Undergrad: 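Below is the structure I would like to discuss, written out as structure tokens.
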Amino acid sequence: MTTNRRVIGFLHADRLRQHSHITVGDLHSIDRFAAEFSVLFESAVLRERIDGQRARVGELLDEVTAGLAALADEPLALPATAQERARGEEPDPSAAQRTADLLSRREQEVLTLLAAGATNRAIAQELVLSSETVKSHVSKILRKLRVATRAEAVAKYLQLRERETREAVS
């Protein structure tokens, strides 16, 4: 028997104590059996491989989930800017940065609305600003928080707010 041009087994057909000759039909039956058996065998091998891959992917996902959980528990620290690094300054990890220290009052208002899921148009209407002014504020917020997207800005903002709340309670 072969599958993908590879021999996977031999089939022995015995006609012990049968006095008739092997017919073409007998040969076709044996050939059909061998072909079906090779498909079943290959299917079983593929299922085994799939199960192994599924287990490995599950392990990887568990590792990623654990890694993300560990990251979520870490305190947020903004990296030093290029100018700070050029001057040899590094941010003090024990000194908590506050959103009030990072952003103007208006930028905080825009970021609060962003965190609530508001669009630029909705923010402009709420704060009585033009859409271009809102876009400018969002760009400044992204730059000051050193993030690339609105979603990252909101995540960082929520982390900073949570930390500020914990510190206020302590």
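Sequential numbering from 1 along the given sequence is applied to the chain's residues. Quick caveat: nothing in here was measured; it's all calculated off a predicted structure.
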Undergrad: Using residues 51-66 as the side-chain source, report each donor-acceptor pair under 3.5 Å to any protein atom, sequence neighbours left out, with the distance given to one decimal.
TA:
{"unit_1": "D51", "atom_1": "OD1", "unit_2": "R54", "atom_2": "NH1", "d": "3.2"}
{"unit_1": "T65", "atom_1": "OG1", "unit_2": "L61", "atom_2": "O", "d": "2.8"}

Undergrad: Roughly how far, to the nearest 0.5 Å, is OH of Y157 from OG1 of T112?
TA: 3.0 Å
Undergrad: Please assess E162 against L158 for the test side-chain contact (heavy atoms from CB on, under 4.5 Å), listing each intermediate value before the final yes or no.
TA: CA-CA 6 Å; E162 180 183 338; L158 293 174; over 6 Å; no
Undergrad: Which atoms form the tightest heavy-atom contact between A148 and L142, and what is the distance?
TA: O-CD1, 4.0 Å
Undergrad: What distance separates L113 CG from Q108 CD, expressed to the nearest 0.5 Å?
TA: 12.0 Å
Undergrad: For the atom pair CD1 (I50) and OG (S43), what is the distance rounded to the nearest 0.5 Å?
TA: 8.5 Å
Undergrad: Quick one: side chains of residues 117-132, donor-acceptor pairs under 3.5 Å with protein atoms, not counting sequence neighbours, listed by atom name and distance.
TA:
{"unit_1": "T119", "atom_1": "OG1", "unit_2": "A122", "atom_2": "N", "d": "3.1"}
{"unit_1": "N120", "atom_1": "OD1", "unit_2": "R150", "atom_2": "NH1", "d": "2.6"}
{"unit_1": "S130", "atom_1": "OG", "unit_2": "T133", "atom_2": "N", "d": "3.1"}
{"unit_1": "S130", "atom_1": "OG", "unit_2": "T133", "atom_2": "OG1", "d": "2.9"}

Undergrad: Return the NZ to CD distance between K156 and Q159, rounded to the nearest 0.5 Å.
TA: 8.0 Å
Undergrad: Without swapping roles, check the side chain of S29 against the backbone of G25 for a donor-acceptor pair under 3.5 Å.
TA: yes
Undergrad: Step by step, work out the side-chain contact (heavy atoms from CB on, under 4.5 Å) result for L145 and L111.
TA: CA-CA 11 Å; L145 293 179; L111 187 52; 4.0 Å; yes
Undergrad: Do E109 and R105 meet the salt-bridge criterion of a basic N to acidic O distance under 4.0 Å?
TA: yes
Undergrad: Taking NZ, NE, NH1 and NH2 as the nitrogens, is one of them in K144 or E107 under 4.0 Å from a carboxylate oxygen of the other?
TA: yes
